[in-house]
Amino acid sequence: MAPAESTGTSRQMSMVQALNTGLRKSLESDPKVLIMGEDIGKLGGVFRVTDGLQKDFGEDRVVDTPLAESGIVGTAIGLALAGYRPVVEIQFDGFVFPAYDQIVTQLAKMHARSLGYVKLPIVIRIPFGGGIGAVEHHSESPEAYFAHTAGLRVVSCSNPVDAYWMIQQAIASDDPVIFLEPKRRYWTKAEVDTAATPDPLYGSRVVRPGGACTVVAYGPMVATCLEAAAAAAEEGRELEVIDLRSLSPLDFDAVEKSVKRTGHLVVVHEAPSFLGIGAEVAATITERCFYHLEAPVLRVGGYHTPYPPSRVEEDYLPDLDRVLDAVDRSLAW
Amino acid sequence: MAPAESTGTSRQMSMVQALNTGLRKSLESDPKVLIMGEDIGKLGGVFRVTDGLQKDFGEDRVVDTPLAESGIVGTAIGLALAGYRPVVEIQFDGFVFPAYDQIVTQLAKMHARSLGYVKLPIVIRIPFGGGIGAVEHHSESPEAYFAHTAGLRVVSCSNPVDAYWMIQQAIASDDPVIFLEPKRRYWTKAEVDTAATPDPLYGSRVVRPGGACTVVAYGPMVATCLEAAAAAAEEGRELEVIDLRSLSPLDFDAVEKSVKRTGHLVVVHEAPSFLGIGAEVAATITERCFYHLEAPVLRVGGYHTPYPPSRVEEDYLPDLDRVLDAVDRSLAW
Amino acid sequence: MAVDSTDGTLFPPDSGAGPELIQLLTPEGERVEHPDYSIDLSDDEYLGLYRDLVLVRRFDAEATALQRQGELGLWASLLGQEAAQIGSGRALSPNDYVFPTYREHGVAWCRGVDPLNLLGMFRGVNHGGWDPRENNFQLYTIVIGAQTLHGVGYAMGVQRDGSDGAVVTYFGDGASSQGDVNEAFTFAAVFNAPVVFFCQNNQWAISEPTERQMKVPLYRRAAGFGFPGVRVDGNDVLACLAVTRAALARARRGEGPMLIEAFTYRMGAHTTSDDPTRYRSNAELEEWRLKDPIERLKSYLHKQGIGTPEFFAALEAESEELGKRVRNGVRTMPDPDPVSMFAHVYADSHTLVDRERAEFEAYHASFVDAGEDGH
Amino acid sequence: MAVDSTDGTLFPPDSGAGPELIQLLTPEGERVEHPDYSIDLSDDEYLGLYRDLVLVRRFDAEATALQRQGELGLWASLLGQEAAQIGSGRALSPNDYVFPTYREHGVAWCRGVDPLNLLGMFRGVNHGGWDPRENNFQLYTIVIGAQTLHGVGYAMGVQRDGSDGAVVTYFGDGASSQGDVNEAFTFAAVFNAPVVFFCQNNQWAISEPTERQMKVPLYRRAAGFGFPGVRVDGNDVLACLAVTRAALARARRGEGPMLIEAFTYRMGAHTTSDDPTRYRSNAELEEWRLKDPIERLKSYLHKQGIGTPEFFAALEAESEELGKRVRNGVRTMPDPDPVSMFAHVYADSHTLVDRERAEFEAYHASFVDAGEDGH
Ligand SMILES: Cc1ncc(C[n+]2csc(CCOP(=O)(O)OP(=O)(O)O)c2C)c(N)n1
Ligand SMILES: Cc1ncc(C[n+]2csc(CCOP(=O)(O)OP(=O)(O)O)c2C)c(N)n1
Ligand SMILES: [Mg+2]
Ligand SMILES: [Mg+2]
């Protein structure tokens, strides 16, 4: 996307504001769009992503639901069958699991089950990831559980511009979309041009070009990798940072192209490495770039532990140093 | 394990009988062991794995529960807190998801949450996988969802001998264990020597040695890979087949050792390839054997689709031909 | 002694024979009146219900036979539950929407769903695969209770549309234990959704009797969620019709949800894979045989002189015809093209599925090229 | 107009002021009698309850202050709910077992849990981390409703042990919508488990009023599952004590579960992260302030002349002391060693965790070697 200029259609927005503006636009442009969740009405959601929407669109379109995630997703499915396009907010990553059965056995499978007769254009928004000093269940990265599930699409925005466009694209999608919002980046600001032409929802983006090593991330870790790339640049190493943006489908072609140039790949995410997205990227890219890779694909991720207490989360989360350490190891292989 | 001889302690058993005998032994040797699930009492479970146990151990120890999987796992957790060792039967793979929240947020995390004060020695038995001509939700392979979850152990038996020992070892484990039973192999028979010394629960086993290519599988696919190895042997190619047995932890050391000899690795499972166990095996083994691998690790797995209708399941499931095709591709790389 | 009887009194099995049981036609075929639910049918309507019951039972028997012949992988028989399904199903208007379990063949019949459509999933050629909007009849749902939430959500949509439709969502006695069903009760109550919860309490959830699922009769649960619940004789097609009509009218008037517990019995096995002799007695079966839903209506018709010999003969022939059509239809039902498993995973294209499909096709083509079969 | 009022009548908010409300002490501090629940306490017992209420409120205020000072990451205040927690908590015998949410600081107090233990998770040094068996007080559970099933399971264990313990599991009005809570009702009823479901209906689930969770008062839900439910004035410590005692005695007699809805009010924010001014009125708060649980007991004590000035002075000092101890305890609470995150993932060794821990240690050692800090 061309960099937004501060014009009449362009303004500084935090990711929260960008999502709010995007949701508002979807509500305006399609009367079938509904928002459902816990505390999304008067409160505007615990992160205020839906702030003001109930006031403007009414209680029928911005629905505070009973405290029951399976019920929320299950009734959203029914509403979709009735022609609506529900956008569900799950309050925190760790609270999506009561809805897991409805998501995996119903939402994901209905289109195939019905041989395509039934479409379920439902978006499930989940603030995910750590780094905000929260208590248990408020900092998790459950993306692999969803990406492994056929029938779901899984995307994650890393910045306000993408947040603004991707939420609207997800709502417009006829497939169910798990929409992961990196909560620690909610307050990051950027210039959002609401008149720009967005990139396609399911493609990755090279957010920093470079030739020494490819670094792949998504959501909260994109900023971390960009910092790492800036630090590496000071030492004369140009990292190519790719923001995956979509985890299902995953844009392997772009990663392959980059790795065939750099010969090195590091994948970074907060989720535990074991069976995380990085495992799949490593497996597929190694298959595609076997003779190009000068080192095995290295992964920087969370550990095989529950997300730890916040006082040690900095030691759990991948950071600039761990990314650079992996890059160093790759280049020195 | 030394091959069992048909002695006084040894007899032919199907996997169902082996599991039944193992459960019986655990019930006998520890009064705290309980079995809970749907239709496990008078009916003996839909696969008869618990046949006769309620009659012999009573309704307090072999408990037909209400039809609610979250309730089953949730009350099992309470029973474990009270000092019991519940063995939970989930009727079919596709019906574990209502319990997913209790499994992921409670069962898996309680030990860490309590800094080790609380142990939850709970086994969740799940008949899994396809190949029996069943309707939807009765043929799935959900192992990656569990193996990605820290705090759970995940194992799968591939034959009656392992079934007999592994179920008892799992029950004896102080950690929660997801115990995956390959339902299409339930009726396979083997000689089980109940006086033998079992292999450790969390190690893999080379079930057929060979030097040309390593083939890794678990559960239902072990038999398929052994057939493939037999066919390959006729063509003069000796495949080394490893039965992983445990998926969390995963015995990478053994796979690494084998691959360092063969230079080739094929991983086979029924679950979808994308983010399946094969992805993790490929990623880790490539990292460990980067200079030994003569081809990328190849995966033979299910597709990124819901498990298909039974009339086409043979086309979905990995079979001898697909395994050999992958071996050929690896050797020809 | 089981632990669940530590109070010394195992709560007794629920006989269903309380004054709360709404009945309009006794097992002996006598019409009785009920203060709250009355019904006035023409002879043709009586005959129409009878025809439905007979044809649905015939269809069901045919499917059971086809399973035994290996034409179906599985069948879930509705034997014994015909009245609950036809009674409730005939209460529906075209605009209403049904959310069934896997056993609602009688309701499907009332909605005009081609019986052959129902058999696809039991044969293993699809997982349902009909268009639910065609007859406002959602796909069968196997995961117990999940559909009740879909029904409530659909009803919330109907509210928003301001349409005059209502929803009936079916479930079993076993399903009542699932969290989803109780969440559905909460959502329906809180949003005052136009939905009727229709539970066929057929006394068994596979091998578990209702005492494993509830301590008191299910219909009473509704009151605790803030809407009415009633128990109807589920083998009485007239009572099922009357009560469901009333519940739907109530929903349409904006008065919110209602729970109907149809007290009935699963005369057959849970499915053709089940062996009920392991867990229930013949005596129980015999007792329920006396309450057969078809016999009682037949006896009423005879006593009232409703229906000509020609009608019954024609029905017999129609029944045969249906059997034949189902038999032939199943036997000639084509297997799906294997590659079709990739066709509907997503509504729009998905690069991973596209790639796997291409690999699948190339792989299979390689066998064709080589002149041999992959399997 | 909201869709949930299509019947024209948005069901009115539940004022709680029905005859079903069990009360033994009015907001004005008058002792009243109740036909089913009576209580006879010595002066010392009255003073003991008063002391509990005061100290727990003090502890809570201290924690709120510590959060504001940045010493805690979060705090979930029990302000306003002291009577519900102390009343029910003081009804417990040592053998009984408690399954709390994240707000049961008063119950923890009654169980003898060190208040500092409760603060670890809110400071972010652990996720709980006390030994539940020490005081028969399970770890706080954050996932709404999950603990109710654990409580029922524990009670099933008690049954099997033949011990005289019973279980109290706490939950909120919001939690009542969760499938798990309703499954817990079913399991408890079917297995006749010795468990008391204690719901603190504090009128709010974060920003959602109880009308979003239920159409009729919660206590009525129990009947539909086959066990008794009662509503008690949750700001009346005497009534909470009497009713919980009765429920526990019932459970111990093998008569099965009971639901207690304690009608109370969350006077503070949901947690320190919350801003209740966005969704509720000051008027409502003022109304509830008149029903304060401590004021009414104080007024009763004064009227009855129970408690010497020395007692109240000593309590004031004890309260100060507690505040100081909590303050100091929190401020000196050490951060965990980062490597401890690997320590308790499993009870036995797990090769993946072992390997990752070793890598973690080697990585951090490399910074030490290089004389710099990894972060
Ligand atoms: C979530 C879930 N768990 C288990 C099953 C397996 N199962 C299929 S039918 C059935 C019993 C259902 O009983 P009920 O609700 O009474 O309906 P009925 O079969 O009697 O019509 C069970 C346990 C399932 N389909 N879904
Ligand atoms: C499954 C789940 N969903 C959402 C949340 C987020 N959350 C924490 S407390 C709360 C409200 C709980 O209300 P209630 O049950 O009335 O208890 P209270 O906080 O009023 O004591 C919510 C929605 C959660 N903890 N767990
Ligand atoms: Mg039933
Ligand atoms: Mg509350």
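In what follows, chains are A, B, ... by sequence order, proteins preceding strands, each numbered from 1. For clarity, every value in this text was computed on a predicted model and none was experimentally measured.
Annotation: residues 66-84 of chain A contacts chain C through Pro66(A), Ala68(A), Ser70(A), Gly71(A), Ile72(A), Gly74(A), Thr75(A), Ile77(A), Gly78(A), Leu79(A), Leu81(A), Ala82(A), Tyr84(A) [non-hydrogen atoms, separation under 4.5 Å]. The interface of residues 93-103 of chain A with chain C, defined by heavy-atom distances below 4.5 Å, comprises Asp101(A), Gln102(A). Inspection of non-hydrogen atoms places Lys32(A), Leu34(A) of residues 24-37 of chain A under 4.5 Å from chain C.
Residue contact with chain A, scored on non-hydrogen atoms closer than 4.5 Å, involves the side chain of Phe99(C) exclusively. Heavy atoms of Thr169(C) lying under 4.5 Å from chain A are absent altogether. Looking at Asp161(C), the atoms closer than 4.5 Å to chain A (heavy atoms on both sides) sit in the backbone and in the side chain alike. If you measure heavy-atom distances from Ser246(A) to chain C, you find no contacts under 4.5 Å at all. If you measure heavy-atom distances from Thr141(C) to chain A, the contacts under 4.5 Å come from the side chain alone. With a threshold of 4.5 angstrom between heavy atoms, Ala146(C) approaches chain A through its backbone and through its side chain. For Glu134(C), no part lies near chain A; criterion is any non-hydrogen pair under 4.5 Å.
Separating the CD atom in Gln106(A) from the CG atom in Asp180(C) is a distance of 8.5 Å, to the nearest 0.5 Å. Between atom OG1 of residue Thr105(A) and atom CD1 of residue Ile142(C) there is a gap of 10.5 Å, rounded to the nearest 0.5 Å.
Counting all heavy atoms, side chain and backbone alike, Pro132(C) lies closest to Tyr117(A) at CD-CB, 4.1 Å. The two atoms that bring Arg160(C) and Glu59(A) nearest to each other are NH2-O, 4.3 Å, heavy atoms only. Nearest heavy atoms, Phe252(A) versus Arg355(C): CD1-NH2, 3.3 Å.
Between the side chain of Arg113(A) and the backbone N or O of Asn126(C) there is no donor-acceptor pair closer than 3.5 Å. The backbone N or O of Ala347(C) lies less than 3.5 Å from a partner atom in the side chain of Asp175(A), making a donor-acceptor pair. Side chain of Tyr346(C) to main chain of Leu152(A): a donor-acceptor pair is present (N/O by atom type, distance under 3.5 Å, no hydrogens or angles).
Counted within 6.0 Å of NZ on Lys42(A), heavy atoms from surrounding residues, nucleotides or ligands total 12 or fewer; the atom is thus considered open.
You'll find the side chain of Ser248(A) reaches within 4.5 Å of the side chain of His350(C), heavy atoms only. Residues His127(C) and Met110(A) form no side-chain contact, since every pair of their non-hydrogen atoms from C-beta on lies 4.5 Å or further apart. Taking 4.5 Å as the limit, every side-chain heavy atom of Asp348(C) sits out of range of all side-chain heavy atoms of Tyr202(A).
In terms of heavy-atom pairs under 4.5 angstrom with chain C, the leader among Leu120(A), Leu250(A), Thr65(A), Leu115(A) is Leu115(A). Listed options Ala108(A), Ser114(A), Ala112(A), Gly151(A) were ranked by heavy-atom pairs under 4.5 angstrom with chain C; first place goes to Gly151(A). Among Arg133(C), His150(C), Gln138(C), the residue with the largest count of heavy-atom pairs under 4.5 Å with chain A is His150(C).
Applying the side chain to side chain contact (heavy atoms under 4.5 Å, CB included) criterion to Gln67(C), with sequence neighbours excluded, gives Leu72(C), Trp75(C), Thr272(C).
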